[in-house]
Structures are given as C-alpha cells and as structure tokens.
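Any value given below was found using the heavy atoms of this structure, including those in side chains, with hydrogens, waters and symmetry copies removed. The sequence lines fix the lettering, A, B, ..., with proteins before strands; numbering per chain opens at 1.
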Amino acid sequence: MATGVAAWLPFARAAAIGWMPVANCPMPVAPRDNSKRQDELIILNVSGRRFQTWRTTLDRYPDTLLGSSEKDFFYNEETKEYFFDRDPDAFRSILNFYRTGKLHYPRHECISAYDEELTFFGIIPEIIGDCCYEEYKDRKRENLERLQDDQEENKDMKMPNMNFRETMWRAFENPHTSTMALVFYYVTGFFIAISVITNVVETVPCGSTANQKDMPCGERYTVAFFCMDTACVMIFTVEYLMRLFAAPSRYRFMRSVMSIIDVVAILPYYIGLVMTNNEDVSGAFVTLRVFRVFRIFKFSRHSQGLRILGYTLKSCASELGFLLFSLTMAIIIFATVMFYAEKGSSSSKFTSIPASFWYTIVTMTTLGYGDMVPKTIAGKIFGSICSLSGVLVIALPVPVIVSNFSRIYHQNQRADKRRAQKKARLARIRIAKSGSANAFLQSKHNGLLNELLELTGTEDEEQKLTKSISLLESQHHHLLHCLEKTTAHEFVDEQIYEQNCLETALQTFPSRSPSMSGHDSPAGSCCGRRGKKNTPLPNASLPTAHPIPTHQGPLQELSAIHIQCSDPLSHTASRSNLNLKTGDSSKINCKGGRITTAIISLPTPPALTPDGDGLHGPPQRRPPPPPGHPPPPSIQTTMSSAGTNIVKVSAL
Amino acid sequence: MDAKRVETISARVDAAVSSSDSVEDELELSAVRHRPEGLEQLEAQTRFSRKELQILYRGFKNECPSGVVNEETFKDIYSQFFPQGDASTYAHFLFNAFDTDHNGSVSFEDFVMGLSILLRGTIQEKLNWAFNLYDINKDGYITKEEMLDIMKAIYDMMGKCTYPVLKEETPRQHVEVFFQKMDKNKDGVVTIDEFIDCCQNDENIMRSMHLFENVL
C-alpha cells in the first residue's frame, strides 16, 4: 500500500460498507485495534535541535526508521524524547518527507552526506520528488565519476601477478605506466608522422633532371621512398600484431575502430606487393595508395582531442544528416528552376538538372567559381535569389546549428538519462506495489496459520505472530479480504493465475475433486468451496485428486497445508517492501520444522490425509457450522511416516 | 457553507474587475480554496468527537491542501488501496455518493458527513447510504443496469489474477442473485423500502454492517 495515503485508510474501510448488501458471504472479522492510543506529539531531538511532530505523521511510512519500532532504540527515558546523533540540517528535509510525502534534495548538501542520512533513516532515494531527482542523480553521477577517477589512478599501481600478456596490454593502453611503454608510444607516433610526410613529399616535383622536367620526388627516388614505406609498414604491422596478441578479448579488439584503422593503413602496401605492375590493375593500385592517408587517423590513439571530436561527430550524426537533407532539398529546387530558366538560351552550360547542381552548390555556398553563369534574365533573377537564399540557408544556421549541436547533445544525454532513470524508478515502484499485493497474499497464509495456532498453540506463540504485522497492514488486508468475500473470488499470484488458465485450458473436465466446481454443495454458499490450488512455496506439486466422500451433509473438503518454515513465508512486515530487504524479516517461530495443518472434514477418517504431499489450497474460512452438524472431531496429532515433525491439526 | 466560499467568489470578482485580459491571472485567482465550518458546528452535525474531527481534518488537509478533493485525486487515492485491479470506476460512484451537493468536489464537510453515517450511523442510515450509492441516477430506484454497473466496478477492483477466474458473466450472475433476493414484487427495480426490508432480514448483512464501527 502506498504509505502516503495511510491517513485515508479509515475512509476506504468505511466506504467498504457499500459492498455489504451485495455480498453473499459473511465478512471476515476486523483486526482488533488494541492500542487505542491518542494521537500524541513526539519530540525528536537531533543533536540538540528539537523537532516535534504527531505520531501519526511518522506512522505514515512504516518502512522507515522513524515510522517503525526501530526508533524505540533511540528513546531516551529521562527526557521522554527520541535522540538522534545526526545532522539536524539534513534531518529537516527528512522530516518534511513525512509531513508532505515528498522528499526533496537540498542543493547545498553534499551528496554523500545526504545519501548517508537517507540510508540511516531507511528512506530509499528513489522517492525523491521529480523536482529534485534530476539534480540528485547528476550530483551522484559526478561523485561516482570522481571516485572512479581516483580508483583508476590507484589502478596504475602495478598489480602483482600480472602475466606478460596483461602487462603488455596495460602498457599499450596507458603509455605513462612504464618507460618501455612510453618509448614505444613515441616511436610509433614518430613513424606515423614520417609515413604521412613521406606520402606527401612523394608527390612534390623534385626539380628537373637530365631526362625530364618536374618529376615528382616519388618517381625520382623510388628506392628511397620504397624503403621508407616498407620500414613504416613493418613497424605498424609489428605493433598491430603485438596489440592483437595482448588484447584480452581478441574478437572485440578486432571489431574496434582503431584496429580497423590500423588494418586499413597497412593493407595497401601488402596488396601492392602482391599485385604485379600490370597495366590493368595499376589504376586500382594507384587508388589503393590513397588509403595510405588513413594512417593519419592513427594519431587518434595519441590525441585525446581527436577521439572526442570523432565521438561528437558520431553523436551529432542525426543533426548533420538533417542539415544535409535540407541542403539537398534546396539544391534540387534551385537546380530545377535554373535548368528550366536557362533552357531557352543557346550555348547554355545548364545541360541537365544534375549539371545545374554544381552551379547551385557553388552559388549557395557563396563560392562563385564563375564557370557556369546564367545568361537569360529569368536565369539571372533566379540565380540571385539562389545566392541570397544560399546565404540564409547556409551561413546563418551554421552558428545556430553549432550551438544547437552542443545543446541538443547535452539535452539528449539528459533525456536518455531521465528515461532510463524513469524506467528503473517505475520498475522499483512496481516491485513495491506488487510487494504490497504479495504481502496481502502471504499474510493470508500467515493469517490462517494464526487462526489455527490460536486453537492449538500457546498464547505467546500467537502474540509473536500477531505482533509482526503492523496494525495498518492488517487493517488494509482486512479490507482486501472483505472485497474478496463480496465478489466470492480470491486474489491470487500471477503464477497461480497462469497455471490455472493453463490447467483449465488443458482439462476438459476438472480431474480434481468435484469440490472445485462447487456444484454439489447443498450449502451453495459462495465461500463454501475452495478448489485445491498450488501456492508458490517449495515442494509444491500438482495436487492429486482426493477421494472426497460424498455425504449428505454440507461437504467440506479435505485440504492439507504444508507450511515450510523458511524464507518464502517470512513476513514482509517491516522494511521489506519498499526497501526490498526481503532477507531480514522475521521468521515464523519454527526453526526448520514443517507444520502441516489439515482441516479434516468429518466424518472423514484422518487416514485420507496424504503424507508428504504437495501443497494444497488454504483451508477455507468456513462460516460457523449451521445447526445440525455432528460434533467436530478431536484434535489429532500424528507423526507422519516421513519422520519429519508434521503436526496434523484438525479443527472446525 | 457557501458563505465560506467568499474567498473564491471575491477573488473571481476581483479578477473580473481588474480588467484582466490575460487568462493566466483569472486561472490563478480562481484557485479553489475552501475552509470548513467551525469545529463546534461540525461536532454538532456529526457524531464525531472533537479529537476525532481534528485527526480527520489533519489527514484530509494533508492529502488535499486546498481543502477539497476533486474526482481525479479521489480516484488516485482510492486506487492506491487496490493495487491489483482498477478502482477508478468504483471510486467514481463513491465520489458521487460523497458529493452530496453535486458540485464536483468533495469538501471536508461532505467527507465527514459521509464518514459519520458510515461509522456511527444507525443501520437505517447506513442502508440508506448504500442505497444511495447504488442508485446512480438518484431517482429512488435501483435498476438492473445500475446494479450491473456497480457490480462491474466492484469486480474491476479485483483485477485479473483471481481465483476462480473471473468470467464475463460473473457480475451479471451476481446481479441476478441480488435482484432475486431484493426485488420482492419482481417489478425489475429495487426500491428503498424493499432494499431496507430485505437487508434487515439478512443476518450476514446485518452483522457486516457493524464491522467497521471501531474504525477511528
């Protein structure tokens, strides 16, 4: 139950009167409110500053420290107040959470101090209201990153027991870790530079020789350049192979961008070696040399800025794409117009629309080469419109787009963050909600255990059990129980519901005991029948059909429960729902034993109860037997043949 | 009670007078703020003690600082008690039952009057209230259609995962059973007298009417 509206529970319960005339079955008994305490003021002394509030305000959130009995640990008998040795400033926002139902994050607080306070008082940060949640998450992320940076610096200490491969990889990734790595780093950088410069100088005319004028240097000093190229490529190949060897995940390494760049940088050389100086393929060979320029991208390993630029472009790809698209639209429009405008004039350069593209682009970007000019009047008019609009289309939005890039980029990051956070938050809230529904289902079983133990167990056992459910929860569960009775249907788990659907689909007729269909009960009461059903406890097995003896009296069915005292039945009383701490809730007071309770109808002999069987439905709450029933059987306790301590209790 | 709405009325008048062409001003000023009658009057009109009224009002005002509940908030609050199903239809009917002067919002007076009947009223009054809830158009007769609506709304609150599985005709069957029991002269509608008579003769219902007496 959303605890913020606990104050409205009395109203919801009163409104349940509206179901009463409709219901055909009697309602369950309401939980007793033994502690008729008046609403009192509680004094909370936090490091000397006294806060006062009503007890019911704090009781709104029973999953937290202040709302549960945990605050009794801090109760000071002499001064009759609760003393907390915590920060009073942070406590203000925590107390406001109880008052208003919204948790705010005060911006001047340190994020980790605030987190600590929240953890101390048992409040999960997901409850922080929308107004402050983003800020909280941002600060938290910053803090986390800072912690990670610190950790990374510590990571550079040489860890012992690193094998050779890991050392190599670390050397490659962080050059400043060892001298060798640094040397390697600079050597490769140097050779990249050499390679690029060689490629450039190759094409410079080197001055005339006796044979020909203005030969490019590459053709003049072929051998020298070839040796230089070979040396560079060898270094790059060795480097690539070493990285490949040292990579922790070779497959992932080979898919990474940097390795692709490496491969593209050295491949042309090898392809060139393989290919002969054939005339046909030399054209392709020349093209391949172009790819050598990709070696310049190898610098991105050496430059952080280049990497960031690449990443930015990648993330702004959609905006760039849109810019390109709108430009294309404008180009096509104007090219078409210019083509048709210049169609009339003779010797016009505007031979086709694609040919006009060139003119349009040159004009719109205000380059104006002058190789194509319109001659007709209409062409000139449209040409001027084209150049004016080019200014507008390109020059003006470019700064706007640039600033949009950074703004949209950050905004996108934040929107994605918010979406991811929202999903996680909603998931958690859904878990809490389903936790409350599950709490009801579980407490139903526990409630039945309660009832039966009331009959047989000792007084203090019952006390222990009843105490562990808060009054609020028991009242809420009673409300849900009344709804069940009104509609003569029960709340069940998702799993059971699906199972039931499957079973009813598979079976043409219920192979279980006829009691499930409820047809042959003369009592005809809607609550008189409960089919057997599986509960999601361990050892659950499909129910076997019990031979139900047919009696003339109202048939009550035979059912046995094995309640295993282990975690699945642990109470979700306090702290477990919202804080998802399912582990530390109190257990039922049996240590590992198994309690079987069976409500045996009379005069069925108890031998019909199966041993060690799976779980069956809970015993129904029967109305007090109408007059004319034979007297109930006595309580029987037998040891099952399995040898475990199974107590069979039969009661009416 | 209407005198207490002076705040809103005068605010609206001011807004009209002060030549506000901007729509935002109007909207801001006519935000409804409602102050309930004095404690003594409420004490006289309901069966709650002073302390109980204090507790009720504190809870009420905390959830609705403006002093009135509108239908949306009402539906939200009520739905939180029934996480597995959809409580909005039933909450709508409940809202109409509480909103006795049919002005679209439930003030604290309406709220506390309703609660007084439900928790401290006589059986007659409670049955009257229930009849009023079922009689959607408040014409004094419960027809099968009205009952079917109510029944569907109740079954909606159960949600999907129930045992036994909810079938389409379950609400209808339930309505049939109800009418068989209540409609004495078989004229297809249930009047208030038939309703009260029948409920008073039914043990289960009588017993369950006393169920919530110790709430609060």
What distance separates B/Ile154 CD1 from A/Trp19 CH2, expressed to the nearest 0.5 Å? 7.5 Å
B/Val69 versus chain A, heavy atoms under 4.5 Å apart: side chain, backbone, both or neither? side chain
How close do B/Tyr134 and A/Pro21 get, heavy atom to heavy atom, and via which atoms? OH-CD, 3.3 Å
Atom pair CD1 (B/Ile117) and CD1 (A/Ile17), whose distance is rounded to the nearest 0.5 Å: 11.0 Å
Please report the shortest heavy-atom distance between B/Ile205 and A/Met20, naming the atom on each side. CG1-O, 3.9 Å
So if I take each residue of residues 180-189 of chain B and look for any heavy atom under 4.5 Å from a heavy atom in chain A, which residues do I end up with? B/Lys181, B/Met182
Rounded distance [0.5 Å steps], CZ in B/Phe81 versus NE2 in A/His476: 6.5 Å
Is there side-chain contact between B/Met147 and A/Val22, with heavy atoms separated by less than 4.5 Å? yes
Side-chain heavy-atom pair B/Tyr78, A/Phe11 within 4.5 angstrom cut-off: yes
Output the distance between atom NE2 (A/His489) and atom CG (B/Leu166), rounded to the nearest 0.5 Å. 4.0 Å
Is B/Phe93 close to chain A through its backbone or its side chain, or both, or neither, when contacts mean heavy atoms under 4.5 Å? neither
Donor-acceptor check, side chain of B/Tyr155 to backbone of A/Thr487, threshold 3.5 angstrom: yes or no? yes
Under 4.5 Å from any heavy atom of chain A, what part of B/Phe131 do you find: side chain, backbone, both or neither? neither
For the atom pair CD (B/Gln80) and CG (A/Leu9), what is the distance rounded to the nearest 0.5 Å? 12.0 Å
Reported CG-to-CE distance for the pair A/Leu483 and B/Met157, which is rounded to 0.5 angstrom: 5.0 Å
Tell me, for A/Ala15 versus chain B, whether the close heavy atoms (under 4.5 Å) come from the side chain, the backbone, both or neither. both
Can you check whether anything in residues 168-177 of chain B gets within less than 4.5 Å of chain A, heavy-atom wise, and list it by number? B/Thr170, B/His174, B/Val177
Show your working on side chain to side chain contact (heavy atoms under 4.5 Å, CB included) between A/Glu484 and B/Met158 and close with a plain yes or no. CA-CA 8 Å; A/Glu484 282 186 337; B/Met158 291 292 293; 4.2 Å; yes
Below 4.5 Å from any heavy atom of chain A, which atoms of B/Phe74 appear? Answer side chain, backbone, both or neither. side chain
On a heavy-atom basis, the closest approach of B/Leu119 and A/Ala14 is CD2-CB, 3.6 Å
